[in-house]
Amino acid sequence: MKINITLPDGSIREFPNGVTGSEIASSISEGLARVSLAIEVNGEVWDLSRPILSNAAIKILTWNDKAGKTTFWHSSAHLLAEALEALHPGVKFGIGPPIENGFYYDVDLGGKAFGDEDLAAVEVKMKELAKKNSVYSRKDVSKAEALEYFTAKGDPYKIELIDGLDDGKITFYQQGDFVDLCKGPHIPNTGFIKAMKLLNVAGAYWRGNEKNKMLTRIYGITFPKQKELEEYLHLLEEAKKRDHRKLGKELELFAFSEKVGMGLPLWLPKGTILRERLEQFMRKAQIKAGYDPVVTPHIGSKALYVTSGHYEKYGKDSFQPIHTPDEGEEFLLKPMNCPHHCEIYKTKPRSYRDLPIRLAEFGTVYRYEQSGELHGLTRVRGFTQDDAHIFCRPEQVKSEFIKVIDLVLHVFRSLGFENFTAQVSLRDPANKEKYIGQDHLWERAEREIQEAADEQGLQTVTVLGEAAFYGPKLDFMVKDALGRNWQLGTIQVDYQLPQRFELEYVGSDNQKHTPVMIHRAPFGSLERFVAVLIEHCAGNFPLWLAPDQIAVLPISERFNDYAKLVYDRLKEQDIRGLLDDRDEKIGRKIRDAETRKIPYMLIVGEKEVSEGMVAVRKHSQGDQGSIALDEFVNRFRLECAAPN
RNA sequence: GCUGUUGUAGCUCAGUGGUAGAGCACUUCCUUGGUAAGGAAGAGGUCGUGAGUUCAAUCCUCAUCAACAGCUCCA
């Protein structure tokens, strides 16, 4: 019996029935056979040793394939488990999957502390075990057999997992002395794993549920070559240099104080310039797009949030009400701006002719985020949203939504964020009690969001369970230096709040109608946006945002007077900069200005003084030659204009 | 909030059961220098906070606060 195997290039070859992936790889080339990790059979990844029993389209997977890496890391997780069991007999295993970079295994060490030394010891053991070239072998087992094995072994988490599986579809994998419940696939043997690093230990709730026991999660990464591990670790180090918390300190942009309170950022002068530049940019864009700026207070009476539903949802996990000398009077620090804007809407009767009304505010809000969630500027307890609420007629929702998408894209493009993900965040259908409002309005909102995104040609991913409690969202996600995803821009359709606040307008039919509300914040928050911006450009801000645009560097103190003249001239033109008149050599001044990532340096000495010139140096690009001061100023002013 | 790790000078970090050190930054002096670190001297710290063990604690124990990694959460 022969079967036909279709290779990725479309060619078809005949093999005996029951041929394995490794046999196919060998028939193609010895080199391929040496590096092949798994095989894709009709879109499914299999072990190389598994016989193929019918015609199939295949692809041999190596380290260069994503699925190859995933398989490699999955097998590495098993190796980690084997090492753990060898060193910590009786350890109970949860799950051990591959992740984007590496893998982890969740284990229950019976309450034993597991520190860095234990981690290092396990790593050594893994290396030792890997060298044994133990084969990963697959075995079909019945549900009863599977339960019997793990009951005898005393692995309650595996038993729970098996309980959820169908009989007849359960497989074990074994390498060395370690047997695991696993559907596979795996690489041929442990010898492929040449380089490994256990990265860290963390807690993780069993099955991701806060109410379950917390297991110990061990993260690691492995590679087929030592050099690749070194490169990866180097890359991690490089990424850490772009961390906004590090750069924020070095460039004096923001700070935190224990005394002020955790998660409450202090914006330093240079950071404030950056922030205000962004704010100005947004104000201008919004005025152009037909928004009306408003300003509302930082607190509001508790009744406001009872009406909005936020109090019920978040009240007990928030900053608690502020009391006044009047018995029973309570105010909340505002955790969002929408209720205030609803009250602005209600200040007078509205006609359908008035809509849409777009109220915009850089609104500072306070949310009592869990202490473990705080993270630099990306997750804080006091932050400023570039918030706005659009009140419109139902038939205007889509066109308004599209306009907002355009605004968000304009902002992202202006700041060079090309790699974002547009995420449609919907309800978790299995968990509807988390949300308010009627189904048909949710469905309508979801449809409108998806249609608007599609019409703008946005590639979207849909994520269930990420909606706000009052409505679905379109979120714009951007990765930080270390690849963590953050939500920046967000657009939300809301049919609930207008009802709760009894907002209305008079239609052309002279009847009262309820408007629809669109919440939107292109930056999301100034704090988070600045954080991601810092990491994105590694602190080398575009000229229009740079806190210090120019450093004037006199070659010696003899030229300080002329340097001051140059500096004053820049200031007159609203150019931001500094004059470095320290008694230091020019090399030193240049180094310091480079380190501080100042885009332009103007060097002045004997030659420049006599001719009214400046020697221009660009950050990280070196000497640009000399130019008359006036001409430099003219050119610079053109170059530093904000996008519009 | 949970698990683990960390907390020493403005910053980056050494170090020790007998009340502390480096480099950079800072101050002063020398130097007046042409595109990434000139030289010298000086000043600067209740070793996160509180309690305990000890003749003696920055170091050991406990508690607490904060930061970091991850989980959970995210209006």
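Each chain gets a letter, A, B and so on, in the order the sequences are listed, and its residues count up from 1. The structure presented is a predicted model; accordingly, all values stated were derived computationally and were not measured.
- Regarding A:L198, its CG atom lies at a distance of 15 Å from the C1' atom of B:A69, rounded to whole Å.
- Picking from B:A36, B:A69, B:G1 the nucleotide with the shortest atom distance to the side chain of A:T595 gives B:A36.
- Phosphate proximity of B:U3 to A:T216: absent, as no side-chain N or O sits under 4.0 Å from OP1 or OP2.
- One interatomic measurement links the two molecules: CG of A:D580 to P of B:A36, which rounds to 15 Å at whole-angstrom precision.
- Ion pairing between A:E535 and A:K479 fails under the 4.0 Å rule for side-chain N and carboxylate O.
- For the pair A:R381 and A:Y368, the cation-pi test (distance below 6.0 Å, angle within 45°) is passed.
- Residue-nucleotide stacking is not present for A:Y219 and B:G70, judged by a side-chain ring centre under 5.5 Å from the six-membered base ring centre and planes under 30° apart.
- For A:R367, the listed nucleotide lying nearest its side chain is B:A75; candidates were B:G1, B:G4, B:A75.
- Closest to the side chain of A:K249, out of B:A36, B:A75, B:C11, is B:C11.
- Contact check, A:Y314 against B:A75: a side-chain N or O comes under 4.0 Å of OP1 or OP2.
- Interatomic distance, A:T307 OG1 to A:E312 CD, rounded to the nearest 0.5 Å: 12.0 Å.
- For the pair A:I518 CD1 and B:A75 C1', the interatomic distance rounds to 18 Å; values are reported in whole Å.
- Rounded to a whole Å, the CG atom of A:D592 is 13 Å from the C1' atom of B:G38.
- A distance of about 26 Å separates the C1' atoms of B:G23 and B:A66, rounded to the whole Å.
- Using a 3.5 Å distance cut-off with no hydrogens or angles, the side chains of A:H519 and A:D494 do pair a donor with an acceptor.
- Look at A:E250 and A:K246 and you find a salt bridge, because one of the NZ, NE, NH1 or NH2 atoms lies within 4.0 Å of a carboxylate O, short of that distance.
- A gap of 34 Å separates the C1' atoms of B:A75 and B:G7, to the nearest Å.
- As the counterpart of B:A67, B:U5 is assigned, both hydrogen-bonding distances of the Watson-Crick or G-U wobble pattern falling under 3.5 Å.
- Residue A:L374 contributes atom CG, which lies 14 Å from atom P of B:C65 at whole-angstrom precision.
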Under 4.0 Å protein heavy-atom contact, by nucleotide of nucleotides 39-50 of chain B - B base, S sugar-phosphate only: ------------

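- Not a single donor-acceptor pair under 3.5 Å links the side chain of A:K302 to the backbone N or O of A:Y311.
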Each nucleotide N or O in nucleotides 31-34 of chain B that has a protein N or O under 3.5 Å away: list the pair and distance.
residue, atom, partner, partner atom, Å
B:U31, N3, A:D583, OD1, 3.3
B:U31, N3, A:D583, OD2, 2.8
B:U31, O4, A:D583, OD2, 2.2
B:U32, O2, A:S556, OG, 3.1
B:U32, O2, A:E557, N, 3.2
B:U32, N3, A:E557, OE1, 3.2
B:U32, O4, A:E557, OE1, 2.6
B:G33, N7, A:I555, O, 2.7
B:G33, O6, A:E557, N, 3.2
B:G33, N1, A:D583, OD1, 3.1
B:G34, O6, A:E606, N, 2.8
B:G34, O6, A:K607, N, 2.9
B:G34, N1, A:E608, OE1, 2.7
B:G34, N1, A:E608, OE2, 3.4
B:G34, N2, A:E608, OE1, 3.4
B:G34, N2, A:E608, OE2, 2.8

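- A salt bridge does not link A:R367 to A:E527: none of the charged side-chain nitrogens sits closer than 4.0 Å to a carboxylate oxygen.
- Under the Watson-Crick or G-U wobble criterion, with both distances below 3.5 Å, B:A22 is paired with B:U12.
- Among the atoms of the strands shown, only primed sugar atoms or phosphate atoms (P, OP1, OP2) are found under 4.0 Å from some heavy atom of A:G208.
- At a threshold of 4.0 Å, the pair A:E594-A:R617 counts as salt-bridged, since one of the basic side-chain nitrogens sits closer than that to a carboxylate oxygen.
- Residue A:R484 is in sugar-phosphate contact alone, with no base atom involved, counting any heavy-atom pair closer than 4.0 Å across all strands shown.
- One can place CE of A:M262 at 8 Å from P of B:C65, the figure rounded to the nearest angstrom.
- As a whole-Å value, the separation of A:D106 CG from B:U3 C1' is 11 Å.
- Separating the OH atom in A:Y291 from the CE atom in A:M282 is a distance of 9.0 Å, to the nearest 0.5 Å.
- Nucleic acid contact class of A:R379 (heavy atoms, under 4.0 Å, all strands): base.
- For A:R217, counting side-chain heavy atoms from C-beta on, the closest listed nucleotide (B:C71, B:U35, B:G1) is B:C71.
- Computed from coordinates, the A:F469 CZ to B:C74 P distance equals 11 Å when rounded to whole Å.
- Among the atoms of the strands shown, only primed sugar atoms or phosphate atoms (P, OP1, OP2) are found under 4.0 Å from some heavy atom of A:N200.
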